[in-house]
Amino acid sequence: MTRKKIQIKKIDNIAARQVAFSKRRKGLFKKAKELAILCDAEIGLLVFSASGKLFDYASSSIQEILERHNSVHSENLPNLNEPSVELQLESNIRAKLNEEVEKKSHELRQMKGEELQGLGMEELKKLEKSLQGGLSRVAEIMDGKNTDLLSDIGRKVDLLIEENKRLNQLEVDKLGEQIMQNIQGHSSESIGNNSTSSNNPSQDYDSSDTSLKLGLPLLDF
């Protein structure tokens with residue numbers, strides 16, 4: 001029969017835990033001793049139980065093994081007095097950036113007309129050419145912006161003219177409607193007056209009577 005595989009986890013039962021600790025500690029020390037003998041290795045083991053009790057094994061002397069360990073460990077530690085490669089690289093990059101910033105700041109001051117005393121004729125000509133190129137570029141950008149501004153103003157003027165024409169046409173149409181309404185009103189009033197005259201026969205009699213009184217001959221119509 002095969003042995004049942006034990007799950008590696010903390011043993012909850014205290015008594016069983018102590019028994020397992022004792023057995024496995026003895027087995028660990030036995031394996032360490034065999035390794036030291038078979039391979040001529042120098043081995044040191046330190047084991048603390050759950051209660052804090054120390055158990056140790058050493059193929060020679062535990063103190064000598066610890067001193068050797070500390071010596072080798074200190075040799076492998078980096079020298080804190082010397083900066084690491086990363087720090088040196090970062091320092092070099094920072095120095096180059098500071099140098100570049102200082103250079104550009106100096107050029108900017110020269111373009112403003114400052115710190116020109118130490119420049120020779122060739123350097124002054126180079127600076128002048130650079131300034132002229134910058135001014136030309138600025139002038140081109142300004143011309144482009146002015147052109148865009150004039151075009152925008154022209155579009156707005158055209159819109160205002162069209163709106164003015166539309167408003168004028170509305171006024172003309174409104175005035176025409178008022179005139180037509182007045183004409184229609186006068187026409188209706190004239191027709192009403194004519195109808196009243198036709199429907200009033202006393203006017204004819206009055207005319208005839210007036211003609212007789214004046215001794216005028218009556219005319220047949």
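Just so it is clear, the values below take in all heavy atoms, side chains as well, and ignore hydrogens, waters and symmetry mates.
Transitive grouping of hydrophobic side chains (ILVMFWY, heavy atoms separated by less than 4.5 Å) brings Val157 and Leu149 into a common cluster. Following chains of ILVMFWY side-chain contacts shorter than 4.5 Å, one cannot reach Ile62 starting from Val47, and the two form parts of different hydrophobic clusters. Cluster membership check: Leu28 shares its hydrophobic cluster with Tyr57, using side-chain heavy-atom separations under 4.5 Å among Ile, Leu, Val, Met, Phe, Trp and Tyr. Cluster annotation: Met142 and Leu150 are assigned to distinct hydrophobic clusters (Ile/Leu/Val/Met/Phe/Trp/Tyr, side-chain heavy-atom contacts under 4.5 Å, transitive). One hydrophobic cluster, built from ILVMFWY side chains closer than 4.5 Å, holds both Leu124 and Leu131.
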*Check the pair Gln169, Asp173 against side-chain hydrogen bond (donor to acceptor under 3.5 Å, both in side chains), reporting the backbone distance first and the verdict last.*
CA-CA 6 Å; Gln169 186 63 39; Asp173 294 341; 3.0 Å; yes
_For Asp152 and Arg155: C-alpha separation, side-chain torsions, deciding distance, then whether salt bridge (Lys or Arg N to Asp or Glu O under 4.0 Å) applies._
CA-CA 5 Å; Asp152 188 48; Arg155 287 193 296 269; 3.5 Å; yes
_Checking Asp56 against Leu45 for the side chain to side chain contact (heavy atoms under 4.5 Å, CB included) test, could you report, in this order, the C-alpha distance in whole Å, the side-chain angles of both residues, the deciding distance, and whether it holds?_
CA-CA 5 Å; Asp56 64 88; Leu45 291 177; over 6 Å; no
*Evaluation steps, side chain to side chain contact (heavy atoms under 4.5 Å, CB included), between Arg166 and Glu162*: CA-CA 6 Å; Arg166 187 181 68 83; Glu162 292 296 327; over 6 Å; no
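Side-chain contact check for Glu102 and Asn98: no donor-acceptor pair (N or O, by modelled atom type) lies under 3.5 Å.
When side chains are defined from C-beta on, Leu160 does not count as touching Asn164, because their heavy atoms never get closer than 4.5 Å. In this structure, Gln18 and Ser22 have side chains that are not in contact, with every pair of non-hydrogen atoms separated by 4.5 Å or more. In this structure the side chain of Leu54 reaches within 4.5 angstrom of the side chain of Leu46, judged on heavy atoms. At least one side-chain heavy atom of Leu167 sits less than 4.5 Å from a side-chain heavy atom of Glu163. By the 4.5 Å heavy-atom criterion applied to side chains, Lys33 and Ile37 are counted as neighbours. The closest side-chain heavy-atom distance from Phe29 to Phe55 is below 4.5 Å.
In this structure, Leu38 CG and Lys31 NZ are separated by 10.0 Å, a value rounded to the nearest 0.5 Å. To the nearest 0.5 Å, atom OG of residue Ser61 and atom CD of residue Glu67 are 8.0 Å apart. For the atom pair Ser49 OG and Arg17 CZ, the distance stands at 11.0 Å (nearest 0.5 Å). The CG atom of Leu170 sits 12.5 Å away from atom CG of Leu175, with the distance rounded to the nearest 0.5 Å. Glu128 CD to Lys125 NZ: the interatomic distance, rounded to the nearest 0.5 Å, is 9.0 Å. Atom CG of Asp40 and atom OG of Ser59 lie 9.0 Å apart (nearest 0.5 Å).
Judged by distance alone, with hydrogens and angles left aside, the side-chain atoms of Ser151 form a donor-acceptor pair with the main-chain N or O of Thr147 at under 3.5 Å.
Taking both residues in full, the closest heavy atoms of Ala58 and Ile65 are given as CB-CD1, 3.9 Å, listed atom of the first, atom of the second, then distance. Closest heavy-atom contact between Ile11 and Ala16: CG2-CB, 4.0 Å.
Within 6.0 Å of CD1 on Ile14 lie no more than 12 heavy atoms contributed by other residues, nucleotides or ligands. Within 6.0 Å of CD in Glu99 there are 12 or fewer heavy atoms belonging to other residues, nucleotides or ligands. Counting non-hydrogen atoms of other residues, nucleotides and ligands closer than 6.0 Å to CZ of Arg24 gives a total of 12 or fewer.
Ionic pairing of Asp148 and Lys145 is not present here: no N-O contact between side-chain nitrogen and carboxylate oxygen is shorter than 4.0 angstrom. Comment: Lys174 does not engage Glu177 in a salt bridge, judged by the lack of any side-chain N to carboxylate O separation of less than 4.0 angstrom.
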